[in-house]
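The next block holds one structure in the form of structure tokens; read it before the comments.
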Amino acid sequence: MPAKIPATVVTGFLGAGKTTLIRHMLQNAQGKRIALIINEFGDLGVDGDILKGCGDEVCSEDDIVELSNGCICCTVADDFIPTMEALLARDQKPDHIVIETSGLALPQPLVRAFNWPGISTKVTVDGVVTVVDGRAVHDGQFAHNVAAVDAQRAQDENLDHETPLSELFEDQIACADMIVVNKTDLLDRAEAGTLAARLKSESRSGVQVVKASMGALPVDVLLGQGIGAESDLAARHEIHHHHRHDDDEDDHDHEHEHGHDEFESFIVTRGEISDANAFAEQVANTIRANNILRLKGFVAVEDKPMRLTLQAVGPRVDTYFDQPFGDTPRQTRLVVIGEAGLDQSAITAALSA
């Protein structure tokens, strides 16, 4: 059976920075063919600039679909399911699907829709990413412009839930696999750290909280979480229970380029290891001790002709033998990715022990 296509759900209030994050992702797609479903409606419309810098080999006009009939969680059967079915029926299927929800969307009903017959065998939810406006949340407002959110709510004729912003925010946090504290350039280091720690304490175990400005998040961090969220709905507690089944004009969107100053990566190289299971546990312990976001690479195992592929998202480590080393050196080579400030020498020592 062909591997399921991974899909990432990006949620968050109007103005949190979802569109900016997605634009940055497309401009740094590393050759992935990404299909994008944007839940815009009314006269907000799709941000035409989203395709700037996105080469034809990565995404084309046909790869971007606008759902303009209202909040995506209220129109799952009428809008979202047919759109997904059409994407999956294409001859040239996407490598990854990214869904930008309306800022008013409850993420749980959308994730639940991935269990729909005909979709469940072809697509899986790679992860739910909740983008928060760091400055607004720090100030207790949830959204930078609450009046704009209220106007958005009034504009959506198909909206069938009147969830208070506080409960909607809790739902978005409860469903998240990754929380992006955006606009950290509007906070000082202590404020950003305190907010990230608070959101970490309020979320499920294993949820990653990362800080970013201008939505500049490495693609390797944003995509490839491998969560399978549709199979884990019970853990994604819904505050809002009576649902019947972007909106993102980013106030903080600047035209100039921004790098990944908040993130860093480096390579650890070592010789063969003797016990694959023990090394996987060693990797997991190193990740826990050093707040590593991603770790991936190839491992040489004594007396094994095949190389061991290792991928870790947070402390969850997956390994499998994929192919012979052939003429390549029998060595272990791991790429470590995390927020800036990683103790490279300590991590290298821990992985080399």
Salt bridge (charged side-chain N to carboxylate O under 4.0 Å, His left out) partners of [range], not counting sequence neighbours, each pair once:
{"range": "residues 123-132", "answer": "none"}
{"range": "residues 208-217", "answer": "Lys211-Glu339"}
{"range": "residues 310-332", "answer": "Glu272-Arg330, Arg307-Asp322, Arg316-Asp318"}

For [X] and [Y], which heavy atoms make the closest approach, and how far apart are they?
{"X": "Asp303", "Y": "Pro305", "result": "O-CD, 3.9 Å"}
{"X": "Asp133", "Y": "Gly15", "result": "OD2-O, 3.9 Å"}
{"X": "Ser203", "Y": "Ile173", "result": "CB-CG2, 4.3 Å"}
{"X": "Ala29", "Y": "Ile34", "result": "CB-CD1, 4.0 Å"}
{"X": "Gly224", "Y": "Val313", "result": "O-CG2, 3.6 Å"}
{"X": "Val207", "Y": "Lys200", "result": "O-NZ, 2.6 Å"}

Supply the atom-to-atom distance [X] [atom1] to [Y] [atom2], rounded to the nearest 0.5 angstrom.
{"X": "Lys93", "Y": "Arg90", "atom1": "NZ", "atom2": "CZ", "value": "10.5 Å"}
{"X": "Asn285", "Y": "Arg288", "atom1": "CG", "atom2": "CZ", "value": "5.5 Å"}
{"X": "Leu199", "Y": "Thr194", "atom1": "CG", "atom2": "OG1", "value": "11.0 Å"}
{"X": "Thr124", "Y": "Ile97", "atom1": "OG1", "atom2": "CD1", "value": "11.0 Å"}
{"X": "Phe263", "Y": "Arg294", "atom1": "CZ", "atom2": "CZ", "value": "10.0 Å"}
{"X": "Leu293", "Y": "Asn291", "atom1": "CG", "atom2": "CG", "value": "6.0 Å"}

- Item | Partner residues of Arg204 under the salt bridge (Lys or Arg N to Asp or Glu O under 4.0 Å) criterion, sequence neighbours left out |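 Once residues adjacent in sequence are excluded, the partners of Arg204 under the salt bridge (Lys or Arg N to Asp or Glu O under 4.0 Å) criterion are Asp177.
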- Who pairs with Asp275 by salt bridge (Lys or Arg N to Asp or Glu O under 4.0 Å), at least two apart in sequence or on another chain?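 Listed in chain order: nothing, the list is empty.
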Side chain [X], main chain [Y], donor-acceptor under 3.5 Å:
{"X": "Thr332", "Y": "Gly271", "value": "yes"}
{"X": "Ser201", "Y": "Arg198", "value": "yes"}
{"X": "Gln108", "Y": "Asp171", "value": "yes"}
{"X": "Thr130", "Y": "Thr11", "value": "no"}
{"X": "Gln311", "Y": "Gly226", "value": "no"}
{"X": "Asn182", "Y": "Val131", "value": "no"}
{"X": "Glu85", "Y": "Ile119", "value": "no"}

Kindly indicate whether the side chain of [X], heavy atoms from C-beta on, has any atom under 4.5 Å from the side chain of [Y].
{"X": "Arg23", "Y": "Leu26", "answer": "no"}
{"X": "Met178", "Y": "Leu217", "answer": "yes"}
{"X": "Gln344", "Y": "Glu264", "answer": "yes"}
{"X": "Phe114", "Y": "Val123", "answer": "yes"}
{"X": "Arg135", "Y": "Glu191", "answer": "yes"}
{"X": "Lys296", "Y": "Asp220", "answer": "yes"}
{"X": "His96", "Y": "Ile5", "answer": "no"}
{"X": "Met84", "Y": "Ile37", "answer": "yes"}

- Is it true that atom CZ of Arg270 has more than 12 heavy atoms of other residues, nucleotides or ligands lying nearer than 6.0 Å?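 More than 12 within 6.0 Å, yes.
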Within one Ile-Leu-Val-Met-Phe-Trp-Tyr cluster: [X] and [Y], side-chain cutoff 4.5 Å:
{"X": "Val221", "Y": "Ile267", "answer": "yes"}
{"X": "Val210", "Y": "Val10", "answer": "yes"}
{"X": "Leu187", "Y": "Phe169", "answer": "yes"}

- Give a yes-or-no answer on whether the side chains of Gln225 and Gln208 include a donor-acceptor pair shorter than 3.5 Å.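 No pair is found: no donor N or O on one side chain lies under 3.5 Å from an acceptor on the other.
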- Item | Test item: side-chain donor near acceptor, Glu100 and Thr19, under 3.5 Å |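 Short answer, yes.
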- Between Asp232 and Val125, is a side-chain contact (heavy atoms from CB on, under 4.5 Å) present by the stated rule, with each step listed? CA-CA 10 Å; Asp232 185 35; Val125 182; over 6 Å; no
- Item | CA sep, side-chain torsions, deciding dist, call: Val128, Arg236, side-chain contact (heavy atoms from CB on, under 4.5 Å) | CA-CA 11 Å; Val128 177; Arg236 298 162 193 268; 4.0 Å; yes
- Query: Is there a side-chain contact (heavy atoms from CB on, under 4.5 Å) between Asp185 and Lys183 once you walk through the steps?
  - Reply: CA-CA 5 Å; Asp185 50 310; Lys183 305 188 185 181; 4.3 Å; yes
- Query: Do Leu223 and Met25 pass the side-chain contact (heavy atoms from CB on, under 4.5 Å) test, and can you show the C-alpha distance, the side-chain angles, and the key distance before you say yes or no?
  - Reply: CA-CA 9 Å; Leu223 306 182; Met25 174 198 69; 4.2 Å; yes
- Hydrophobic clusters join Ile, Leu, Val, Met, Phe, Trp and Tyr when side-chain heavy atoms are under 4.5 Å apart, directly or via other members; which others share one with Leu334?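 When side chains under 4.5 Å apart are linked, the cluster holding Leu334 also contains Phe266, Val268, Ile273, Phe279, Val283, Ile287, Ile292, Leu295, Val299, Val301, Met306, Leu308, Leu310, Val317, Phe321, Val336, Leu342, Ile347, Leu351.
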